[in-house]
Amino acid sequence: MPDKHFHTKKHDVWLPYRFSAGPVFERFFEGLKAGKILGNRCPRCERVLVPARTFCPRCYVDMGQWVEVSQEGRLVTWTMSTEPFFGMRTDLPYVAGLIHLDGTNCNFMHLLGGFETMDIEAVRERLKGSVRVRAVWREEREGDMLDIKYFEAAD
Amino acid sequence: MARAVAVVGVGQTRYGNRSEMTYPDLVREGVQAAFADAGLGPEDVDGVVFGTMPSMMEGVAMTHFYFADALRAVGKPLMKTETCGTTGMSLAITGYYWVASGMADVVLVVGSEKMHEGDSQATMSTVAEPFFFRPFTSGAPGIFSMLAQMWMDRHGIPEDKARDAAARVSVDHHRDALDNPYAHIKKAVTMEEVKGAPVIVYPSRLWDICPNSDGACAVIFACEEKVKKMSGKPAWVKGIGFCGDEYWFGDSDKVSWDGARETARQAYEMAGIRDPLKELDVAEIYNPFTYVELQHYECFGFCEAGTAPDRVLDGTFSRGGELPCDPSGGVLCSNPIGATALVRVAEAALQVTGRAGERQVEGARLALSHGLGGVAQFNGIMILGAEQ
């Protein structure tokens, strides 16, 4: 810390934004509301991407056929957060990860739960090795990523 | 054909909590130091390149306007670039392009951040879009912790071994920072302290994670003709590389990390480097987290995929090892983000001109500097050499 402290000018910037979902994300979120995870297929490279996209990031063509993807998959990686951060919408500590949903060609980011998350050793033990996970839904859904409560271990 | 370009002056502020002065004054401190180092003045400069993290970090949207006077940019072309943590490298490469193209002979490049004035963690969380990523990323540490777990899993690296290697990186850099007069965190740590520190974002613990720093760094690039008229030792730009990954975090493989590998390939090809471990004398890797430094050793071809922990533990990348990395203490000990990657360039320039003081790697002639930013999205490299 510096030896001498000077006056600081407190200043808050409060800027509300309204982000457009557009037709594709809107349909994806409608799917969540209905308890479905929707992806779509690129007509050129044939990858199934989830969440559904407007265009294939690699082929730069409009995405094609809609696909209701599996609600189960393989946990690819995870991390446990113990500190609050801006934009956080869950209680601490929480575990987030990348999930490779069956039949898709990318990883899907979401929360992991349904097990003891207060203790890192318990989390490590539970998520060790190749873990199969499946979506657990909220009863009340509003068309939002957190309509899926979390992914729980499926085996 | 691009013209030969060299770094002819560098200026760094002391990094840390610099709340004893205003932000423009901090920028001025870095600029003045670079002018003094180069023996040049603003009248010698044809253009200025400036950047920070996304402007939310500063709370002032047009920082290049706010700092125009401090940058001595009045009456000159002024360009801004920002690529999160990579900003400093994007700045350096922009300055290089400007001089190499022949459109300018001398360019002043400046990066800065004053992280104690705002909410750095919140700013970094806004780098991720709000629909799908922001609720889950835990800012930068969460992203890089996920990378670390994937990397261990892919290569079958025992968690304890990776933990030991990451701790060794932390111990080395914290010790090295004691030799760097500009460094922010000046505290030697032991393996036990690092491994026993509180988990912030698993597997990253407190001493695996960089600090919030205030600071500015300025680097002056000049063309060959100008360099020959100057008395100081130049650090020649031997190679550059820059590669951006696609936006969707789950789409790309961040273990093989093609973007990071391609960045190095470009820079090595331009510099004529075939065996980086043997040919490079020192590297300043952008290491905000210990584990990601291990991944970059592999992506940059310093060692085979999956072997970074072994090479770290046998001392290959420590001071006195075959390729000392981050003898400045690196990002892990000082991280004024918009300046941080430019600090890597400045440190590389000091090393190849034999002016790095207590942290000098003896006889260093060829140095790699690196920047990393976005949601693990951008990599940039600049290689500097003592010879043209």
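First the proteins, then the strands, lettered A, B, ... as listed; each starts at 1. Remember, it's a predicted structure, so these values are computed and weren't measured experimentally.
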Visitor: Taking every heavy-atom pair that is under 4.5 Å apart, which of A/Pro51, A/Gly97, A/Cys106, A/Pro93 has the most such pairs with chain B?
Guide: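 Ranked by heavy-atom pairs under 4.5 Å with chain B, first place is A/Pro51.
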Visitor: Less than 4.5 Å to any heavy atom of chain B: does that hold for the side chain of A/Phe29, its backbone, both, or neither?
Guide: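 For A/Phe29, the contact with chain B is made by the side chain alone.
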Visitor: Answer yes or no: are there more than 12 heavy-atom neighbours, outside B/Phe65 itself, under 6.0 Å from its atom CZ?
Guide: no
Visitor: Just checking A/Lys149: does its NZ atom have more than 12 heavy atoms from other residues, nucleotides or ligands closer to it than 6.0 angstrom?
Guide: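 Atom NZ in A/Lys149 is not packed in, count stays at 12 or less.
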Visitor: Quick check on B/Glu159 against chain A: is it the side chain, the backbone, both or neither that has a heavy atom closer than 4.5 Å?
Guide: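 B/Glu159 touches chain A through side-chain heavy atoms alone.
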Visitor: Please report the closest heavy-atom contact between A/Pro84 and B/Gln121, naming both atoms and the distance.
Guide: O-OE1, 4.4 Å
Visitor: Kindly say whether A/Trp78 contributes a backbone atom to a donor-acceptor pair with the side chain of B/Gln149 at under 3.5 angstrom?
Guide: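 Side chain of B/Gln149 to backbone of A/Trp78, a donor-acceptor pair under 3.5 Å: yes, one is there.
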Visitor: Is there a side chain to side chain contact (heavy atoms under 4.5 Å, CB included) between A/Leu146 and B/Phe136 once you walk through the steps?
Guide: CA-CA 10 Å; A/Leu146 294 183; B/Phe136 310 124; 3.7 Å; yes
Visitor: Strictly under 6.0 Å, is that where the ring centroids of B/Phe132 and A/Phe108 end up?
Guide: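 No, too far apart.
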Visitor: Taking all heavy atoms of B/Phe131 and all of A/Ala21, pick out the closest pair and write down the distance.
Guide: CZ-CA, 3.8 Å
Visitor: What's the shortest heavy-atom distance between A/Pro57 and B/Glu246, and which atoms?
Guide: CB-OE1, 3.9 Å
Visitor: Out of A/Ile99, A/Thr104, A/Ile120, A/Val123, return the one with the most heavy atom pairs under 4.5 angstrom to chain B.
Guide: A/Ile120
Visitor: How about CZ on A/Arg44, more than 12 heavy atoms from neighbouring residues, nucleotides or ligands closer than 6.0 Å, or not?
Guide: no
Visitor: Could you tell me whether the side chain of A/Thr79 and the main chain of B/Tyr202 form a donor-acceptor pair under 3.5 Å?
Guide: yes
Visitor: Give the C-alpha distance, both sets of side-chain angles, the deciding distance and a yes or no for side chain to side chain contact (heavy atoms under 4.5 Å, CB included) between A/Met109 and B/Phe133.
Guide: CA-CA 7 Å; A/Met109 196 188 290; B/Phe133 295 156; 4.0 Å; yes
Visitor: When heavy-atom pairs shorter than 4.5 Å are enumerated against chain B, which of A/Val50, A/Leu111, A/Asp144 gives the highest number?
Guide: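 That would be A/Leu111.
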Visitor: Counting only heavy atoms from other residues, nucleotides and ligands, does the tally under 6.0 Å from CZ of A/Phe19 exceed 12?
Guide: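 Yes, enclosed.
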Visitor: Once rounded to the nearest 0.5 Å, what's the spacing between atom CZ of B/Arg154 and atom OG1 of A/Thr77?
Guide: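 Those atoms lie 10.5 Å apart.
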Visitor: Please test B/Met146 against A/Val76 for side chain to side chain contact (heavy atoms under 4.5 Å, CB included), starting from the C-alpha separation and ending with a verdict.
Guide: CA-CA 9 Å; B/Met146 284 196 222; A/Val76 174; over 6 Å; no
Visitor: Which atoms of A/Leu15 come close to chain B, meaning under 4.5 Å heavy atom to heavy atom: side chain ones, backbone ones, both, or neither?
Guide: neither
Visitor: Are more than 12 heavy atoms, taken from residues, nucleotides or ligands other than B/Lys187, located less than 6.0 Å from that residue's NZ atom?
Guide: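 For B/Lys187, atom NZ is crowded (more than 12 foreign heavy atoms under 6.0 Å).
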Visitor: Mind checking the OG-NE2 spacing from B/Ser19 to A/His7? Nearest 0.5 Å is all I need.
Guide: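 Answer for the OG-NE2 pair, B/Ser19 versus A/His7, is 13.0 Å.
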Visitor: In terms of heavy-atom proximity below 4.5 Å to chain A, should B/Trp151 be classed as side chain, backbone, both, or neither?
Guide: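 For B/Trp151, neither part sits under 4.5 Å from chain A.
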Visitor: Do A/Arg53 and B/Asp251 meet the salt-bridge criterion of a basic N to acidic O distance under 4.0 Å?
Guide: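 So B/Asp251 pairs with A/Arg53 through a salt bridge.
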Visitor: Would you confirm whether A/Ser81, through its side chain, and B/Val201, through its main-chain N or O, come within 3.5 Å as a donor-acceptor pair?
Guide: no
Visitor: Please classify the contact between A/His11 and chain B as side chain, backbone, both or neither, with a heavy-atom cut-off of under 4.5 Å.
Guide: neither
